[in-house]
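Below is one structure, written out as structure tokens, with a few remarks after it.
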Amino acid sequence: MGDLVDAWETRSVTRAPDDVDAVVVGAGFAGLYAHHRLRALGLTVRGFEAAGGVGGTWWWNRYPGARCDVESMDYCYSFSPELEQEWTWSERYATQPEILGYLEHVADRFDLRRDIQFETRVTEAAWDEKAQRWYITTDHGDRVSAQFCIMATGCLSEAKQPEVDGIETFRGDVFHTGRWPHEGVELAGRRVGVIGTGSSGIQSIPIMAREVEHLTVFQRTPNFTMPAKNAPLEPEAVAARKTRAREHRDAMRSSRAGVVVPMPEHSALAVDDDARDAHYDRAWETGALYGMVAAFNDLLIDRDANDTAAEYVRARIRETVNDPAVAECLSPRNHPFGTKRPCLDTDYYATFNRDNVTLVDVRATPIVAITPAGVRTTDGEFELDTIVFATGFDAMTGPLLGPDITGAGSLKLRDKWAAGPRTYLGIAIAGFPNLFAVTGPGSPSVLVNMAVAIEHHVDWIVDCIATLRERGLASIDATVEAEDDWVDHVNAVANLTLFPHANSWYMGANVPGKPRVFMPYIGGFPRYDEICRDVAAHDYRGFTLTPATAQQPAPSSP
Ligand code: N01
């Protein structure tokens, strides 16, 4: 056995690690599909999941109003035509319970739970060069060795608390939207404060406002949000989609964002004001995230074009919100439209017309501390019974840097990424052989329909593993040169857009001290897919492939 097991033995470890072909960390959309595909390949698989059940994001984010903002019929797996035919979504944008129910159904239907250990967090993963295997440790004392380690840990799973003093002194209840209690939260008759106005805040604020005695919204940065126009799905629409499911899936995979969007042909500056506004009116009414974002072909690359969309949304806010000062406070002015993740909402702006809702601009009057009684800003104290942090996540890198990951030559992932994440294709990390990230930094992930991105990555990873095994190879590792080129390409494409102009979680800007790097790949899903195919077709160009040696344990036979 390798160096790492020797080290464990000298630490008086009594239990030998279990040997499997692959470990999958996480049991959300990505982890479940990875289990399904790896098992079909004949591999022995062990899964670890910190949550008490399957579902990932949809297990944790149970706050009032949580639902997807990609259409339900697109936000689901395509790998099984039977599954696609038998499952029927009830609403255009499914609620968290419905999506969780879907993932639980998938887990049952494909018998995916049996290899997954729940309520177990992976704490360490270390590569043993001699054995060419990963040694994985959990917070329950499990030790597992695996040829492959697949990090299906999601992009938005590491909840972020606000960096404010005194949280522990608060006399009332404190919740984070990304860690919402399963039994629900009693809000009726309470004075509730919400900190944060990203997607989670914007979805939950209108619902909470209807329940609570008083809602105080602490807003640091107003975001752009558009009406979702959510509605029950008509049986005819569902039947029509099912009839042409395959064709529709092909169209999704051929589109930039993994959802079928008519490609705009015109610049926002090529039409006169009336024509532009009429076009935005139609886009607004679509209730689709990409309706407005893709209304013209230059909104995300040209500041003047972008300003027309931003001003259109601000005009809508002024139209909806009765108090002009509140409308102005809700109007985003610090970032270009669409460069922080825009949101879909139901009655968000109108909620600020309610008598029991107060908006506090914490950019003008910052939060100083949480006190025993509530939230203190530079303007005074707001007395509360409940505080809800809708403060987001340590996105994309947080979930991968949670466990202590050590690659070849004792290289720590935390050290390697000290100046920002570096990957090849968002899937592989040079110096970390046989470790695969699903939707890691440098992949299109959060900029496309995650269901499409996840299936693509898992397919690529599992096909790669199949190739290695067919050819008797022990490991695959990205070269530093290929990784450098990829990081340069990701940055170059991002710099053609307005995205780096926003202090967004895409840039790591929401976490103090986090390096500012635009993390997702914005070159579009079809281009990315083409590059990934090309890499595989050219004998995994940019990777080093290492043959198995006599000392290494033979892979288990399929
Ligand atoms: O988190 P966010 P989220 N003091 O980071 C504020 C996906 N998602 O959970 O912008 C005061 O967007 C912060 O302010 P600022 C989706 O991809 C999808 O809402 O940093 N405020 C911001 O307003 C989304 O983008 C769905 O200045 C503080 C807010 O908290 C991503 O998850 C639903 C603060 C955080 O917003 C994250 O969304 C939900 C502080 N100290 C989420 N710290 C759907 O599918 C932070 N903030 C619909």
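In this chain, residues are counted from 1 in sequence order. Just follow the structure's listing: the first ligand is 1, and inside any ligand the first atom is 1.
A salt bridge links Lys514 with Asp394; the closest basic N to acidic carboxylate O contact falls under 4.0 Å. Between Asp74 and Arg249 no salt bridge is recorded (no basic side-chain N to carboxylate O distance below 4.0 Å). The residues Arg190 and Glu211 are annotated as not salt-bridged, no charged nitrogen and carboxylate oxygen being separated by less than 4.0 angstrom. Look at Asp307 and Arg314 and you find no salt bridge, because none of the NZ, NE, NH1 or NH2 atoms lies under 4.0 Å from a carboxylate O. Contact check on Glu91 versus Arg67 returns a salt bridge, with a Lys/Arg side-chain nitrogen under 4.0 Å from an Asp/Glu carboxylate oxygen. A salt bridge does not link Glu213 with Arg191: every distance from a Lys NZ or Arg NE/NH1/NH2 to an Asp or Glu carboxylate oxygen is 4.0 Å or more. Taking the charged nitrogens against the carboxylate oxygens, Arg241 and Glu84 have no contact shorter than 4.0 Å, which rules out a salt bridge.
For atom 26 (C) of ligand 1, the candidate residues are Pro342, Ala66, Ser199, Ala228; the nearest heavy-atom contact is made by Ser199. Considering each of Pro222, Gly198, Ala502, the one bringing a non-hydrogen atom nearest atom 36 (O) of ligand 1 is Gly198. The residue among Ser200, Cys155, Gly201, Pro366 with a heavy atom at the shortest distance from atom 3 (P) of ligand 1 is Ser200. With Gly392, Ser157, Ser504, Ser204 as candidates, the residue nearest to atom 1 (O) of ligand 1 on a non-hydrogen basis is Gly392.
Heavy-atom contacts of Lys160 reach the following atoms of ligand 1: 43 (N), 46 (C) (cutoff under 4.0 Å). Shown in contact with Thr197 at under 4.0 Å from a heavy atom are these atoms of ligand 1, numbered in order with element: 22 (C), 23 (O), 29 (C). Ligand-side atoms of ligand 1 in range of Pro162: 40 (C), 41 (N), range being under 4.0 angstrom from any heavy atom. Set against the non-hydrogen atoms of Arg363, the atoms of ligand 1 under 4.0 Å away are 27 (O). Under a 4.0 Å criterion applied to the non-hydrogen atoms of Arg67, ligand 1 contributes the atoms 44 (C), 45 (O), 48 (C). Annotation for ligand 1: atoms under 4.0 Å from non-hydrogen atoms of Tyr63 are 33 (C), 39 (C). Those atoms of ligand 1 that come under 4.0 Å of a heavy atom in Cys68, given as number and element, are 45 (O). Residue-ligand proximity, Glu163 to ligand 1, at heavy-atom distances under 4.0 Å covers atoms 40 (C), 41 (N), 43 (N).
At a heavy-atom distance under 4.0 Å, no atom of Ala509 approaches ligand 1. Here Phe393 has side-chain heavy atoms under 4.0 Å from ligand 1, and that is the only part of it that gets that close. The part of Leu156 lying near ligand 1 is the side chain, judged by heavy-atom distances below 4.0 Å. Counting heavy atoms under 4.0 Å from ligand 1, residue Tyr93 does not touch it at all.
In this structure, Thr197 contributes its side chain and Thr221 its backbone to a donor-acceptor pair below 3.5 Å. In this structure, Ser445 contributes its side chain and Ser443 its backbone to a donor-acceptor pair below 3.5 Å. The main-chain N or O of Val487 is found under 3.5 Å from a side-chain atom of Asn491 such that the two form a donor-acceptor pair.
Heavy-atom separations between Tyr506 and ligand 1 are all 4.0 Å or longer. At least one heavy atom of Lys340 sits closer than 4.0 Å to an atom of ligand 1. Ile195 counts as a contact of ligand 1, since one of its heavy atoms falls under 4.0 Å from the ligand. Under a 4.0 Å heavy-atom criterion, Trp505 is in contact with ligand 1. Look at Val164 and you'll find every heavy atom at least 4.0 Å from all atoms of ligand 1.
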TODO: Decide yes or no on ring-ring contact (aromatic ring centres under 6.0 Å, His included) for Tyr102 and Trp58, but give the supporting numbers first.
DONE: CA-CA 10 Å; Tyr102 168 75; Trp58 301 103; over 10 Å; no

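Nearest to atom 14 (O) of ligand 1 among the protein's heavy atoms is Arg220 NE, 3.6 Å. Given atom 6 (C) of ligand 1, the protein heavy atom at minimum distance is Gly196 CA, 3.6 Å. Closest to atom 29 (C) of ligand 1 among all protein heavy atoms lies Ala390 O, 3.3 Å.
Among the candidates Val360, Leu330, Val362, the single residue satisfying the side-chain contact (heavy atoms from CB on, under 4.5 Å) test with Gln219 is Leu330.
Geometrically, ligand 1 and Gln203 share no nitrogen or oxygen pair separated by less than 3.5 Å. Checking only distances, Trp58 never comes within under 3.5 Å of ligand 1, N or O to N or O. The shortest N/O to N/O separation between Thr221 and ligand 1 falls below 3.5 Å.
When side chains are defined from C-beta on, Phe518 does not count as touching Thr497, because their heavy atoms never get closer than 4.5 Å. Side-chain contact check for Val293 versus Leu299: every heavy-atom pair is 4.5 Å or farther apart.
Between Phe175 and Trp180, the ring-plane angle classifies as tilted under the 30° and 60° cut-offs. Using the six-membered ring where Trp is involved, His36 and Phe110 have ring planes that are perpendicular, over 60° apart on the 30 and 60° scheme.
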